[in-house]
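Chain letters run A, B, ... following the sequence lines, proteins first and then strands; every chain starts at 1.
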2 protein chains.
Amino acid sequence: MSARQVELIELAESLIENFGLEAFSLGNLAKKANIRTPSLYKHFSSLMELEHIIISRGFLRFAKDLNHVIETAASDSDEDNIAALAAAYRAHALAHPQIYRLMTERPLDRALLIPGSELAAMDALLQYFDETPEQHDRARAAWAAAHGLVSLEISGRFPPGANIAGAWGVFIEAFSR
Amino acid sequence: MSARQVELIELAESLIENFGLEAFSLGNLAKKANIRTPSLYKHFSSLMELEHIIISRGFLRFAKDLNHVIETAASDSDEDNIAALAAAYRAHALAHPQIYRLMTERPLDRALLIPGSELAAMDALLQYFDETPEQHDRARAAWAAAHGLVSLEISGRFPPGANIAGAWGVFIEAFSR
DNA sequence: GTCTATAGTGGGATAGAC
DNA sequence: GTCTATCCCACTATAGAC
């Protein structure tokens, strides 16, 4: 990937976060880059390709954040560990809410993803739980619950007074061994 | 709401479910109704208005389904009750996946909703749990977990061999008292 | 690597006749 | 309640000059 490509990708990422996922278009990206729309095709073959590069980068960054927590915050208390993982999940999603939406809301064209990127984030979670098939169910349920919590928060579904931290507390308790 | 309006709304709902949320546009709706696009403005003041009518109807239908389960399937076993509620949640979302997406993926313009419709579905869940503030956290965590499970399933995020029912089993166990 | 020019499609919305 | 005509906008994408 050329330096110019990376520049444009990062510009696209900031476009998405600052103006919303719906503002993600070649026209808006070109405006931000001070070039014309057709010039972008010298760097990316299509919008879909660029989109899946951004999604892949999102997965890899997410995996990095989660793995960092798993490696550094290994406490004796399982509840503390789950709490740290949960906090990292929420913090990451709320730091990049629009790219999180891009990563999760629609089916993927997996052929366009950077190989291994999608699994990287999930592996961080699977690795925390045991590796038996039964624990895979547990890991997936925990993943889904965390995803549900952040996705409802991002789309503004909790009522104004809702104690979101309290709901996360229930989650942590439910998934501690 | 006139009979013609209801006809067009139902046509829009079937358009969304049969061709995907992305196909929801006035042009496509007009085609399905065999009229011209501008004619739709005699029935709805804007696309946003129509969209929020469909969302409101989705909330009310969801509430109806969940309440039906709560009223009829009241077993002595709490786990059975949660399981029935979970099954109803999943069945509803998978029966109307595209409208479920419309209902949950983006922030709402609540002024355009049918009053009370958004709370109706949530009230079905809150009512199942106790009504103390602590149990609200529990109800919201359960709601989020169920939402996460269906939303990941709809967007094709579980790997091909994943035991989705197994993950729901973990959910049911975790939220039984 | 950027440009201009252009094609083709689709979108939401309004005015005014019937 | 439907139509035609129209507007203006946005979008992805290609061809070819520089």
Side-chain angles (χ1 to χ4, degrees), chain A residues 1-57 98-99 101-102 105-113, chain B residues 1-57 98-99 101-102 105-113:
Chain A
M1 231 160 22
S2 75
R4 183 59 171 143
Q5 266 179 309
V6 174
E7 262 178 39
L8 291 169
I9 290 162
E10 288 172 353
L11 221 45
E13 289 168 345
S14 86
L15 168 70
I16 291 171
E17 283 306 342
N18 292 139
F19 296 90
L21 183 53
E22 287 70 18
F24 176 44
S25 71
L26 295 177
N28 283 338
L29 176 56
K31 248 172 233 150
K32 270 208 105 177
N34 281 316
I35 58 177
R36 308 292 152 244
T37 304
S39 307
L40 291 170
Y41 285 88
K42 297 291 179 180
H43 306 283
F44 309 101
S45 69
S46 71
L47 179 69
M48 277 277 284
E49 188 196 58
L50 172 57
E51 179 185 319
H52 280 73
I53 290 173
I54 294 171
I55 292 171
S56 300
R57 286 167 53 99
Q98 299 300 316
I99 289 178
R101 287 182 58 206
L102 183 62
E105 280 186 357
R106 282 177 302 173
L108 300 169
D109 186 339
R110 294 188 160 87
L112 294 180
L113 292 177
Chain B
M1 230 158 25
S2 75
R4 182 60 171 143
Q5 266 180 310
V6 174
E7 262 177 39
L8 291 168
I9 290 163
E10 288 173 353
L11 222 44
E13 288 168 345
S14 85
L15 167 70
I16 291 171
E17 282 307 342
N18 292 139
F19 296 89
L21 183 52
E22 286 71 16
F24 177 43
S25 71
L26 294 177
N28 284 337
L29 175 55
K31 248 172 233 151
K32 271 208 103 176
N34 282 315
I35 58 177
R36 308 293 151 245
T37 304
S39 307
L40 291 170
Y41 285 88
K42 296 291 179 180
H43 305 284
F44 309 102
S45 70
S46 72
L47 179 70
M48 276 277 284
E49 187 197 60
L50 172 57
E51 179 185 320
H52 280 73
I53 290 172
I54 294 171
I55 293 172
S56 300
R57 285 167 53 99
Q98 300 300 317
I99 289 178
R101 288 182 57 206
L102 183 63
E105 280 186 357
R106 283 177 301 175
L108 300 168
D109 185 342
R110 295 188 159 86
L112 294 180
L113 292 177

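What you find for Ile54(B) and Glu13(B) is that their closest heavy atoms are CG2-CG, 3.9 Å. In terms of heavy atoms, Leu15(B) sits closest to Leu29(B) at CD2-N, 3.9 Å. When all heavy atoms are compared, the tightest approach of Ser46(A) to Tyr41(A) is CA-CE2, 4.3 Å.
Ion pair Glu105(A)/Arg101(B) not flagged as a salt bridge, since none of the NZ, NE, NH1 or NH2 atoms sits closer than 4.0 Å to an Asp/Glu carboxylate oxygen. With respect to the salt-bridge test (charged N to carboxylate O, under 4.0 angstrom), the residues Glu51(B) and Arg106(B) qualify.
Residues from residues 38-52 of chain A lying near DNA chain D, meaning a heavy-atom separation below 4.0 Å, are Pro38(A), Tyr41(A), Ser46(A), Leu47(A) in numerical order. For the segment residues 6-18 of chain A, no residue has any heavy atom less than 4.0 angstrom from an atom of DNA chain D.
Ile35(A) has its CD1 atom 16 Å from the C1' atom of dC18(D), to the nearest Å. Atom P of nucleotide dC11(D) and atom CD of Glu22(A) are separated by 12 Å, given to the nearest angstrom. Spacing between atom CG of Leu29(A) and atom C1' of dG1(C) amounts to 15 Å, rounded to whole angstrom units. When rounded to the nearest whole Å, the span between CG of Leu26(B) and P of dG1(D) equals 17 Å. Arg36(A) has its CZ atom 18 Å from the C1' atom of dA15(D), to the nearest Å. Atoms CZ (Phe24(A)) and C1' (dC11(D)) sit 13 Å apart, rounded to a whole Å.
Residue Ser2(A) holds its OG atom at 8.0 Å from CD1 of Ile9(A), rounded to the nearest 0.5 Å. Put simply, CG on Leu112(A) and CG on Leu50(A) are 11.0 Å apart, with the number rounded to the nearest 0.5 Å.
If you check the side chains of Thr37(B) and Lys31(B), you find no donor sitting under 3.5 Å from an acceptor.
Between Asn28(A) and dC11(D) there is a side-chain polar atom (N or O) within less than 4.0 angstrom of OP1 or OP2.
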